[in-house]
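Here is the structure we will look at, set down as structure tokens.
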Amino acid sequence: MLLSALLTSVGINLGLCFLFFTLYSILRKQPSNVTVYGPRLVKKDGKSQQSNEFNLERLLPTAGWVKRALEPTNDEILSNLGLDALVFIRVFVFSIRVFSFASVVGIFILLPVNYMGTEFEEFFDLPKKSMDNFSISNVNDGSNKLWIHFCAIYIFTAVVCSLLYYEHKYILTKRIAHLYSSKPQPQEFTVLVSGVPLVSGNSISETVENFFREYHSSSYLSHIVVHRTDKLKVLMNDAEKLYKKLTRVKSGSISRQKSRRGGFLGMFGNNVDVVDHYQKKLDKLEDDMRLKQSLLAGEEVPAAFVSFRTRHGAAIATNIQQGIDPTQWLTEAAPEPEDVHWPFFTASFVRRWISNVVVLVAFVALLILYIVPVVLVQGLANLHQLETWFPFLKGILNMKIVSQVITGYLPSLIFQLFLLIVPPIMLLLSSMQGFISHSQIEKSACIKLLIFTVWNSFFANVLSGSALYRVNVFLEPKTIPRVLAAAVPAQASFFVSYVVTSGWTGLSSEILRLVPLLWSFITKLFGKEDDKEFEVPSTPFCQEIPRILFFGLLGITYFFLSPLILPFLLVYYCLGYIIYRNQLLNVYAAKYETGGKFWPIVHSYTIFSLVLMHIIAVGLFGLKELPVASSLTIPLPVLTVLFSIYCQRRFLPNFKSYPTQCLVNKDKADEREQNMSEFYSELVVAYRDPALSASQDSRDISP
């Protein structure tokens, strides 16, 4: 790709970013009935910060929101938004530090070396230069200049590992500080017990109580047995839908019609009052729900939430085998009450096993099927291939501006559109695997997205865009470094364009939240107010973390291959740091807390990116006829993996559970609190299934 095509792509995306930022800065000053941001833009007394009177100043863009987004400190973010939000922000901080160093080395040292690799090149008419002129491909084989790249790889690896160690230590410190500063939480005192054995003459509840009173007598508090509530939840959903429909009818937002026929599809039978018709159906559903609730009191599942008086007691029950048979009395830390995912509690072992097999097959099939759009995108990036497919477009494709847009902007845009449906699919697949909490589902979806992104967005693009593409390339381990070394540099222009299109434009559309905004305007335009109460959106950690880490992989692997990508990545991370601080403060709200457990994923993926860079370097120095540098690079991935193992042993146990020292100190501090008895009374019913609670749909609606 010529540099001019890349500049065209950058110009288009800069224009879109400026447009989105301008619209956002204007919308921030509009009256709060623009419901995209309204819930968080209120004062403590519940009144809107904006008046409804017209003000010309509202139509002028401003950057004041940037200053407000940067004002809160890390401790304020930790106390107000939680540890997960702080970890999310620290991923951007870590990336900014890494690519600030990488940009300095890459732009001021490696890029000039690459550009003047074969012979002295004058810096004029740069737009007509190819991207290869700025990559390591431009350096002569066997040139001593390649030793500069060799040294840069070692120094860069050391810097990344040092920053990674520092972030690990910092986040662990904040995790412990968050435990000490937070109020008692139900999940800290509760354990999920599964595999409860059936005892003749005793119910599940009696068996659980007898066991824990005998073996945990000093710390046991209470328990709640899980019940089968699938059918009851269906009734609850039907009642909720009917209640919403009744609300809309009474408010006149659906139709002004006050009567309809009571028979099939409203087409047969006698005329009945619509409100009375829906009210009777709702009353009948509520009666069915109450009957079902009473019947379900005896349908127990061999699982229970067991609560303890101390965190230390709960930790002992979690980490020690409870029974002689290791398949019985299985314990794990309980999620937050709002985090519990109830459907799979009643699933049998066989059903869970089958579900996991089906999910695995579906995931592999998705990986394979998405190779098709990758090949299509790479065909668009290659004008010669496009002319072969569509010869009648040859005249149009030869136009300069058309060729620049197609090769520089269109491929990455189309690829991004194909990727939009992937996160919901991964969430769906993860929800079928039998996890008992929404956070586990999101974490599993995050890992699946990372695997999918590495395979389809990196390897498939690299290999399908190369003449060396072979399906069995990964079945020949000895050839992998050479194949990647030849294929990866050739795709530098595509990934630079991808960073600009997916990264810059994606962030600018995130700040505007374009889809919810358009939906809000459309519903107001047609006079259809959504009957659903406005719900503050949940923070999309599982969707955004894979994107952030993938851009990090691109930056690390292309650090010495094509340093031109580094400034674009640095701009992306700086924008992301500002934008997501604003979103976390004003738009999103965490529905549950994982305790920063997304950070180990960040660590593992960063190590993988470094090792991938080393493998490519080994193959590339071999292709460049510098075998000594290739051999001396081999110890680097080994040292990186050893560093990762050390970090996992040093830090990972504290992410899985809190140490005894912290738990006992916190329990002693709780003993001095006067409201612990009130907390214990709330803890007893914290994990009660919502479906077994009293019906919430018996509401008095005034006509």
| request: Return the set of residues passing side-chain hydrogen bond (donor to acceptor under 3.5 Å, both in side chains) with Asp325 (not counting sequence neighbours), or none when no residue passes. | output: Thr327

| Under the ring-ring contact (aromatic ring centres under 6.0 Å, His included) test, residues paired with Tyr215 that sit two or more places apart | Phe211

| task | Nearest 0.5 Å please: distance from the OG atom of Ser307 over to the CG atom of Leu683. | result | 4.0 Å

| note | Output for pair (Leu164 CG, Ile607 CD1), nearest 0.5 Å, gives 5.5 Å

| query | With no hydrogens and no angle check, is any side-chain donor or acceptor of Lys591 less than 3.5 Å from a backbone partner on Ser538? | reply | no

| said: Check whether Thr310 reaches the backbone of Asp667 with its side chain - one donor and one acceptor, N or O, closer than 3.5 Å. | reply: no

| remark: ring-ring contact (aromatic ring centres under 6.0 Å, His included) filter on Phe679, not counting sequence neighbours, yields Phe189

| remark: For Ser677 and Gln674, the nearest pair of non-hydrogen atoms, with its separation, is OG-O, 4.2 Å

| message | Under the salt bridge (Lys or Arg N to Asp or Glu O under 4.0 Å) definition, can you give me all pairs with a residue in residues 420-429, not counting sequence neighbours? | response | none

For residues 334-341, please give each side-chain donor-acceptor pair under 3.5 Å, one per line with the distance, not counting sequence neighbours.
from	atom 1	to	atom 2	distance (Å)
Glu336	OE2	Glu593	N	2.9
Asp339	OD1	His438	N	2.9
Asp339	OD1	Ser439	N	2.8
Asp339	OD2	Ser439	OG	2.6

| field | Rounded distance [0.5 Å steps], CZ in Phe435 versus CD1 in Ile441 | value | 7.5 Å

| request: Scan side-chain atoms only and decide if Tyr220 and Glu214 contain a donor-acceptor pair under the 3.5 Å cut-off. | output: no

| query | Without hydrogens or angle criteria, can the side chains of Asp84 and Tyr592 be said to hold a donor-acceptor pair below 3.5 Å? | reply | no

| field | Identified side-chain contact (heavy atoms from CB on, under 4.5 Å) partner of Leu360 from the options Asn356, Val364, Val358 | value | Val364

| message | Within the structure provided, determine whether Phe550 and Leu449 are in side-chain contact (heavy-atom separation under 4.5 Å). | response | no

| message | Would you call the rings of Trp342 and Phe305 parallel, tilted or perpendicular, taking 30° and 60° as the class edges? | response | perpendicular

| Can you find a heavy atom in the side chain of Leu86 that is under 4.5 Å from one in the side chain of His178? | no

| request: Answer yes or no: are there more than 12 heavy-atom neighbours, outside Glu71 itself, under 6.0 Å from its atom CD? | output: yes

| field | Results of ring-ring contact (aromatic ring centres under 6.0 Å, His included) for Phe363 - residues two or more places apart only | value | none

| query | Are Glu332 and Thr318 close enough that a side-chain donor and a side-chain acceptor fall under 3.5 Å? | reply | no

| said: Quiz question: by atom type and distance under 3.5 Å, do the side chains of Lys443 and Thr594 form a donor-acceptor pair? | reply: no

| note | Between Val196 and Val193, the two heavy atoms sitting closest are CG2-CG1, 4.1 Å

| message | List the residues meeting side-chain hydrogen bond (donor to acceptor under 3.5 Å, both in side chains) with Tyr605, not counting sequence neighbours, and say none if there are none. | response | none

| task | Determine, step by step, whether Arg547 and Glu544 satisfy the salt bridge (charged side-chain N to carboxylate O under 4.0 Å, His left out) criterion, reporting the C-alpha distance in whole Å, the side-chain angles of both residues, the deciding distance to 0.1 Å, and the verdict. | result | CA-CA 5 Å; Arg547 188 202 306 267; Glu544 296 304 324; 3.3 Å; yes

| query | Side chains of Ile204 and Val301: does their closest heavy-atom pair fall under 4.5 Å? | reply | no

| task | For the residue pair Arg650 and Leu172, establish whether any side-chain heavy-atom pair is separated by less than 4.5 Å. | result | yes

| query | Considering residues at least two apart in sequence or located in another chain, which fulfil the side-chain hydrogen bond (donor to acceptor under 3.5 Å, both in side chains) criterion with Gln543? | reply | none

| query | Does any non-hydrogen side-chain atom of Tyr165 lie less than 4.5 Å from one of Phe643? | reply | yes

| said: Using the ring-ring contact (aromatic ring centres under 6.0 Å, His included) criterion, which residues pair with Tyr580? Sequence neighbours excluded. | reply: Phe88, Phe92

| message | Treating Ser430 as the side-chain partner and Leu427 as the backbone partner, does any N or O pair qualify as donor plus acceptor under 3.5 Å? | response | no

| query | Could you give all pairs that pass the side-chain hydrogen bond (donor to acceptor under 3.5 Å, both in side chains) test and reach residues 192-205, with sequence neighbours left out? | reply | Ser205-His223

| request: Give a yes or no answer on whether the side chain of Lys169 reaches the backbone of Phe651 with a donor-acceptor pair at less than 3.5 Å. | output: no

| task | Taking all non-hydrogen atoms of both residues into account, name the closest pair between Thr539 and Ala590 and its distance. | result | OG1-N, 4.0 Å

| How would you list all residue pairs meeting salt bridge (Lys or Arg N to Asp or Glu O under 4.0 Å) that involve residues 171-194, not counting sequence neighbours? | Asp75-Lys174, Glu188-Arg311

| query | Is there a donor-acceptor contact under 3.5 Å from the side chain of Arg581 to the main chain of Pro72? | reply | yes

| task | Could you pull out the closest heavy-atom pair between Ile548 and Tyr573, with the gap in Å? | result | O-OH, 2.8 Å

| request: Please tell me if the side chains of Thr190 and Val306 come closer than 4.5 Å, counting only heavy atoms from C-beta onward. | output: no

| message | Is there a side-chain contact between Gln440 and Gln433 in this structure, where contact means two heavy atoms from C-beta onward sitting under 4.5 Å apart? | response | no

| field | Ser79 side-chain N/O to Glu76 backbone N/O, donor-acceptor pair under 3.5 Å | value | yes

| query | Taking side chain as C-beta onward, heavy atoms only, is Leu610 less than 4.5 Å from Cys161? | reply | yes

| said: According to side-chain hydrogen bond (donor to acceptor under 3.5 Å, both in side chains), who are the partners of His603, at least two apart in sequence or on a separate chain? | reply: His168, Ser644

| field | Closest non-hydrogen atom pair, Pro637 against Val611 | value | CB-CG1, 4.2 Å

| said: Quick check: closest heavy atoms across Tyr687 and Pro186, and the distance to 0.1 Å? | reply: OH-C, 3.7 Å

| field | More than 12 heavy atoms from other groups under 6.0 Å of CG on Leu642 | value | yes

